[in-house]
Number of protein chains: 2
Amino acid sequence: MDDAHTVVWNRPERAAKGPAPSRTRAEITAAAIAIADAEGIEALSMRRVAKELGTGTASLYRYLASKDDLLDLMLDAVAAEDGGPPAPTGDWRGDLRTLAYRSRATIHRHPWMTSLAAGRPSLGPNSLDATEHALAALDPLGFDIDVMITVVDTLHAFVRGYAIGELAQQEAVRRSGVGIQEWMDAHAPYLDKVVSAGRHPLLARVIRDAELPHAADSAERGFQLGLERLLDGWEANLPIRP
Amino acid sequence: MDDAHTVVWNRPERAAKGPAPSRTRAEITAAAIAIADAEGIEALSMRRVAKELGTGTASLYRYLASKDDLLDLMLDAVAAEDGGPPAPTGDWRGDLRTLAYRSRATIHRHPWMTSLAAGRPSLGPNSLDATEHALAALDPLGFDIDVMITVVDTLHAFVRGYAIGELAQQEAVRRSGVGIQEWMDAHAPYLDKVVSAGRHPLLARVIRDAELPHAADSAERGFQLGLERLLDGWEANLPIRP
DNA sequence: CATTACTGCGAACACTGTACCCGAGTAGAG
DNA sequence: CTCTACTCGGGTACAGTGTTCGCAGTAATG
């Protein structure tokens with residue numbers, strides 16, 4: 001691939017001269033996302049994508065400079081799922097909450113997102129759109145741009161971080177290839193040892209109290225609580241408008 | 001490796017019968033961490049670790065069932081850096097703040113942590129210790145264990161999520177192999193185009209206002225602000241004690 | 001001492017990302 | 001229309017990956 005000096009977002013899709021390409025970047029990206037969704041991110045290889053599309057592997061490099069570029073495109077493509085422009089309603093808190101829930105839903109639909117997003121700045125057009133929308137919710141308040149971006153960043157941080165925790169076990173189980181029952185059985189002896197050793201009394205309470213009560217919506221409730229606390233904190237402490 | 005049915009934390013390090021092993025798991029883990037710190041997580045291969053230790057590659061599999069186990073051990077080893085038991089001072093808010101800052105410092109020392117931690121539950125002994133300590137800071141308040149673990153989880157989520165955002169660009173630059181200046185030069189045309197297109201007026205303000213003012217401590221200030229808002233939110237809304 | 005169970009490890013296997021090179025095909029120049 | 005300069009698709013090849021197998025050597029057990 002040429003143009004290695006520039007960046008995937010700024011590279012023309014089609015050359016000026018030669019024959020028309022038979023695929024598009026979007027097509028390739030969609031195929032890659034489908035594979036990652038269905039078989040996990042570790043099953044995503046260039047050969048696998050090529051097979052899915054019925055092309056030769058080397059052909060993909062006519063569209064992408066590297067696999068890294070493909071991963072960037074995947075992340076930006078799913079960022080578009082967070083939704084189109086939900087016009088600011090005037091209720092900044094409600095708007096930000098909506099964005100947070102949408103973002104969480106998208107991550108749950110594509111659990112491989114979190115591991116990719118670590119170490120990859122979100123500079124794709126759809127990611128930038130999402131940030132713009134979040135900022136727009138705060139715009140009517142008339143605060144300094146530094147405050148606005150900080151609010152958006154911390155909110156984003158919480159959503160991403162919480163989702164990582166939520167998905168960690170689920171992803172570990174999936175990668176192990178066995179069912180959840182076998183996975184828990186494999187871990188039970190170790191956790192039992194920790195609990196009965198007595199040096200983690202509070203953790204022991206968590207594990208015991210969460211034996212079955214660990215309701216299916218406990219993660220969602222925790223997310224909701226933390227989100228509202230963070231919004232509370234900002235609402236109570238927004239600096240005086242200039 | 002045998003004992004594939006059990007879990008790395010619960011597997012005896014030394015066999016009962018044969019000759020004494022010449023390395024330890026901790027030694028291997030330390031070598032792996034050193035490599036990841038110095039050359040990045042993508043440079044970490046089993047062959048590279050073996051070379052570092054002066055052993056044969058296959059020998060590592062006498063100590064570890066898989067590379068995945070090694071990654072788990074690495075994460076738990078750095079979790080120990082978060083520090084020993086900082087006895088609860090009675091000031092729960094200060095204690096949690098201390099833990100958050102320590103955790104952030106550890107992540108900055110080992111930027112590969114975030115990408116590993118995504119998709120990997122923190123069940124190692126040192127990670128469990130850290131959680132126990134965080135819970136201990138809240139224990140004197142006498143709240144329900146569910147509330148306590150939610151506070152700790154949301155705090156953890158914020159710290160992890162914020163660090164991911166902080167490190168994303170830095171890691172992308174490092175992976176690209178070029179200096180920060182070349183990296184920014186490569187991205188500038190694209191960002192200029194976005195800004196001058198005019199469809200992201202708020203982002204444009206962020207980019208322009210952060211041209212140079214983007215002080216070295218701006219990330220730290222954002223972290224501090226977000227953390228205090230989250231703690232504010234909890235402080236103002238802790239449920240009535242039973 | 002013989003047996004057993006382990007250790008270290010060279011070699012090999014099935015994969016990975018991707019560079020190179022080719023024939024085939026298309027757009028613009030003259 | 002012809003010619004030239006380019007692009008597209010993709011087979012092949014290379015260096016590197018995680019991991020398994022089998023074998024020689026060693027320590028503890030009976």
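Residue numbers begin at 1 in each chain, while the letters A, B, ... track the order of the sequences. Not measured: the values here are computed from a predicted model.
Residues from residues 38-45 of chain A that place a heavy atom under 4.0 Å from any atom of DNA chain C, listed by number: A:Leu44, A:Ser45.
Among all heavy-atom pairs drawn from B:Thr150 and A:Gly222, the shortest one is CG2-CA, 4.0 Å. Smallest separation of non-hydrogen atoms from A:Gly54 and A:Arg23: O-NH2, 4.1 Å.
In this structure, the CG atom of A:Leu60 is 11 Å from the C1' atom of D:dG9, given to the nearest Å. Between the CG atom of B:Leu70 and the P atom of D:dG18 there is a distance of 10 Å, rounded to whole Å. Counting to the nearest Å, the P atom of D:dC23 and the CZ atom of B:Arg62 are 14 Å from each other. Residue A:Met46 contributes atom CE, which lies 15 Å from atom C1' of C:dC15 at whole-angstrom precision. Atom CG in B:Leu53 sits roughly 11 Å away from atom P in C:dG8 (whole-Å rounding). We find that NZ of A:Lys51 is positioned 13 Å from P of C:dG17, with the value rounded to whole Å. The distance from atom NZ of A:Lys67 to atom P of D:dG16 is 18 Å, rounded to the nearest whole Å. Atom CZ in A:Arg175 sits about 15 Å away from atom P in D:dG18, given to the nearest Å.
Side-chain atoms of A:Trp9 and A:Asp76 include no donor-acceptor pair closer than 3.5 Å. Judged by distance alone, the side chains of A:His200 and B:Asp129 do bring a donor and an acceptor atom under 3.5 Å apart.
Here the side chain of A:Tyr61 is nearest to one of D:dT19, C:dC9, C:dG17, namely C:dG17. In this structure, of C:dT7, D:dC21, C:dT18, it is D:dC21 that holds the atom nearest to the side chain of B:Ala58. Distance from the side chain of A:Ser22 is smallest to D:dG9 among D:dG9, D:dC21, C:dC6. When each of D:dG10, D:dT19, D:dG22 is scored by its nearest atom to the side-chain atoms of A:Thr55, the top-ranked nucleotide is D:dG10. With C:dT18, C:dG8, D:dG11 as the choices, the nucleotide that has an atom nearest any side-chain atom of A:Arg47 turns out to be C:dT18.
Taking a 6.0 Å sphere around CZ of B:Arg109, one finds it holds more than 12 heavy atoms contributed by other residues, nucleotides or ligands.
Residue order along DNA chain D, read from the 5' end via each residue's closest nucleotide, puts B:Arg48 first among B:Arg48 and B:Ala20.
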*Evaluate the side-chain contact (heavy atoms from CB on, under 4.5 Å) criterion for residues B:Met74 and B:Met113: first the C-alpha distance (whole Å), next the side-chain angles of each, then the deciding distance (0.1 Å), finally the verdict.*
CA-CA 9 Å; B:Met74 290 169 68; B:Met113 272 191 70; over 6 Å; no

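In this structure, A:Ser59 does not reach the D:dG9 phosphate: none of its side-chain N or O atoms is under 4.0 Å from OP1 or OP2.
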Anything under 3.5 Å between a donor and an acceptor, one on a side chain of residues 161-169 of chain A, the other on a protein residue two or more places apart or in another chain? List them.
residue  : atom : partner  : partner atom : Å
A:Tyr162 : OH   : A:Ala219 : O            : 3.2
A:Tyr162 : OH   : A:Phe223 : N            : 3.3
A:Glu166 : OE1  : A:Arg104 : NH2          : 2.7
A:Glu166 : OE1  : A:His108 : NE2          : 3.3
A:Glu166 : OE2  : A:Arg104 : NE           : 3.0
A:Glu166 : OE2  : A:His108 : NE2          : 3.4

